[in-house]
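Here is the naming used below: chain letters follow the sequence lines, and residue numbers restart at 1 for every chain.
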Protein chains: 2
Amino acid sequence: MLTERRATILGLVVREYVQTAEPVSSKALVDRRGLDVSSATVRNEMARLEDEGYITHPHTSAGRIPSDLGYRTYVQSLMAEEPVGAEEQRTITHQLHQVGGGLEDWLSLTATILAGAVGNVAVVTRPRTVTAGRLRHLQLVELNADTALLVAVMDDGRLRQRLVPLRTPATQAELQERAARLNARLAAADGPGARALAADLVDVDDASTARAAAELIEEHRGAEETYLDGLSRALRQPEFADPDRMLDAVARLQTYRLRTLLEGAADALPGETRVVIGSEMAADEMQDWSVVIARYGDPESAGTVAVVGPTRMAYERTIPRVRYIASLMGQLLRDMR
Amino acid sequence: MLTERRATILGLVVREYVQTAEPVSSKALVDRRGLDVSSATVRNEMARLEDEGYITHPHTSAGRIPSDLGYRTYVQSLMAEEPVGAEEQRTITHQLHQVGGGLEDWLSLTATILAGAVGNVAVVTRPRTVTAGRLRHLQLVELNADTALLVAVMDDGRLRQRLVPLRTPATQAELQERAARLNARLAAADGPGARALAADLVDVDDASTARAAAELIEEHRGAEETYLDGLSRALRQPEFADPDRMLDAVARLQTYRLRTLLEGAADALPGETRVVIGSEMAADEMQDWSVVIARYGDPESAGTVAVVGPTRMAYERTIPRVRYIASLMGQLLRDMR
DNA sequence: GTTAGCACTCTCGCCCCGAGAGTGCTAACA
DNA sequence: TGTTAGCACTCTCGGGGCGAGAGTGCTAAC
């Protein structure tokens, strides 16, 4: 059982260790954290905490470091979140409004801001519809006599393009008509649907364009856009002082590897913030890592914001900041519509 | 003066050092590279090479390593390029045809392939027109009663999008007409041109859409798409064994920092391959790095392929591979049109 | 001009060792 | 029974010393 005093000590151990990255000694807690018991008492309590699995020992004559259970308990019941202050909120919103451009620039900027705010790697994904991506609109643009550019606007607002060769040359006006014909037929089609409808078309160019559209829709389904920043800052943390570990971290944080990590939280609701700590991670080669993750957007079209770092993470800072950024993005997304 | 024998020795020093990453001793050259003189003679020649600035000494009792001048001489006149063999060509083209999707996937795959082929970081940029980006086509897609999606197709085939609020609601058909009106006016406009023409429009929504188009065109001018891969493999090289150096490399190879590096070669012609070695680099914090860089495409629309790595680089492998990939991309780009 | 020989230099890995930090335990105390 | 002082014990860490090994530069002979 975790008595109140032991809980206090556990909390202090976590805080101290997160701050200093050095094993925490009983003496350090008494001296620097103002516990009004002697270090011997703290030692006794620490021994109990160790028995119960909340903290561990790197070696006999070293201080204690939190175990994953220790962090979990801390996050769950001991920690007081450090709210995002008015000043910081201003800075963040100000930075967010710096960018004039499209959604991509905005997402990439968000990753940068979040990474800066928490000092770890931040990952942001573009909002996606949960349903299979459907077509919203097609457009054909004349490039030259025998090629046109097919542009598909998807229901989540993303664009896909492809060059389509034309059997018979067509003017822009004719292309426009073809696009109108296809839009009428393929409205809100998904991949297989579009493919089926394409088969019915008699005109060769209509049919090949419809097939190209079907391919675009299918490609779009699988494609996820991920924005990542903060790698080089995160690597400055002492856990990566060893070059092997650093190399490992770089390889691990390649965006395509993070996908699976983030997909695990796809079922979270907007507003909910999840924390996955060390051994709780599905991938067992990520035992030394933690993720704080939140979804933003509507249930129909949602994206992910996450912070990835070593288990020794300032959870009380990270969690509210991930939550804040996620809510901000949800809001901005709604404003856009 | 670089006598023939000294040139041979310099060449062997470069090759040996590139291979082993260890300072090269006179004995090693005689034993492992089959020089038919004694190590003492090699030592004498090495001393001369050092006087002339082609090689250096880390410390008294260590072997020699090439200086930047040594590498430069090697690349310029001593090296025999290692051609891309038929088998390797097949592998590369095969990999390149793996991807079905759009240009982005294709560029990103190219970076991966090149990085794999040379074991260093590879960077690929999307082809851009040298002239200021001009508009090819506008399209409006209805999203809801008071918002439309404006899609601009630029003359280099890239797309830009933006949401435009509508003063008066419009059907898709009406939006189509508006797009046609604007296309007629803004055909091939650049940013300022579009802005000027927008001012003449009387209809509020026409005008605001035209202004949005002008913004899209201006954004597009500055935007460059860069694809990078091979970081974690490159970091395995012994020059990054020290965590500080590794960290430095990670920070340095952030895509946005590479931009300036690559822009230096924007004036190169397709087919030409440039090599910039260590101190020849404009940025003086990149003294330990080399870049092999080539342009691909037409003079009107060209992109960049590059390999970035430590000065100790297998130039005879890297240069022909960068050249090969660049020519391949040029070809594929032409086929696409 | 080439080469054998040799003294000299510098690095690198290893061991050793003492200082320091922390713990666990015991015994005394409230 | 809980708390605390005291102390022995353990483990890490950094520095110094040292010998082996690798290479060079120089000299003298060929």
Open item on the list: Check this for me: A:Arg274, atom CZ, are more than 12 non-hydrogen atoms of other residues, nucleotides or ligands nearer than 6.0 Å?
Closed with: yes
Open item on the list: Side-chain N or O of B:Arg43 versus OP1/OP2 of C:dA4: is the shortest distance under 4.0 Å?
Closed with: no
- [ ] Calculate the interatomic distance between B:Arg6 atom CZ and C:dT2 atom P; express it in whole Å.
- [x] 11 Å
TODO: Identify, between B:Arg5 and A:His57, the residue whose nearest nucleotide on DNA chain C lies closer to the 5' end.
DONE: B:Arg5
Task: Presence of A:Thr41 side-chain N/O under 4.0 Å of D:dT3 phosphate oxygens OP1/OP2 - done: no
- [ ] Write down the distance between CD1 (A:Ile65) and P (C:dG22), rounded to a whole number of angstrom.
- [x] 14 Å
TODO: Give a yes/no on whether any side-chain N or O of A:Ser38 is located under 4.0 angstrom from OP1 or OP2 of D:dT4.
DONE: yes
- [ ] Could you state the atom-to-atom distance from CG of A:Leu29 to C1' of C:dG22 in whole Å?
- [x] 12 Å
Open item on the list: Expressed as a whole number of angstroms, how long is the span from B:Asp36:CG to C:dT2:P?
Closed with: 11 Å
Task: Under-4.0 Å side-chain N/O to phosphate OP1/OP2 contact, A:Arg64 with C:dA21 - done: no
- [ ] Only one of B:Arg15, B:Arg323, B:Arg317 passes salt bridge (Lys or Arg N to Asp or Glu O under 4.0 Å) with B:Glu82; say which it is.
- [x] B:Arg317
- [ ] Could you check how far CG of A:Leu49 sits from P of C:dG22, rounded to whole Å?
- [x] 18 Å
Open item on the list: Using Watson-Crick or G-U wobble geometry with both distances under 3.5 Å, which nucleotide pairs with C:dA30?
Closed with: D:dT1
Open item on the list: Assuming nearest nucleotide by heavy-atom distance, tell me which of B:Gly63 and A:Ser39 is located more 5' along DNA chain D.
Closed with: A:Ser39
Task: Short side-chain N/O contact from A:Thr60 to OP1 or OP2 of C:dG24, under 4.0 Å - done: no
- [ ] Using whole Å, report how far NE2 of A:His59 lies from P of C:dG24.
- [x] 12 Å
Task: Within 6.0 Å of CD in B:Glu285, more than 12 heavy atoms from elsewhere - done: yes
TODO: Would you indicate whether A:Arg32, at its atom CZ, is surrounded by more than 12 heavy atoms from other residues, nucleotides or ligands within a distance under 6.0 Å?
DONE: no
Open item on the list: Base, sugar-phosphate or nothing for A:Ala62? Non-hydrogen atoms, less than 4.0 Å.
Closed with: sugar-phosphate
- [ ] Side chain of B:Met46 only, please: which of D:dT24, C:dT2, D:dT4 is the nearest?
- [x] D:dT24
- [ ] For residues B:Trp289 and B:Phe240, establish whether the separation of their ring centroids is below 6.0 Å.
- [x] yes
Task: Pairing partner (Watson-Crick or G-U wobble, both distances under 3.5 angstrom) of C:dA4 - done: D:dT27
- [ ] May I have the distance from A:Arg32 (atom CZ) to C:dG22 (atom P), rounded to whole angstrom?
- [x] 10 Å
Task: Distance in angstrom units between A:Lys27 NZ and C:dA21 C1', rounded - done: 9 Å
Open item on the list: Any N or O donor-acceptor pair under 3.5 Å from the base of D:dC11 to the side chain of A:Ser61?
Closed with: yes
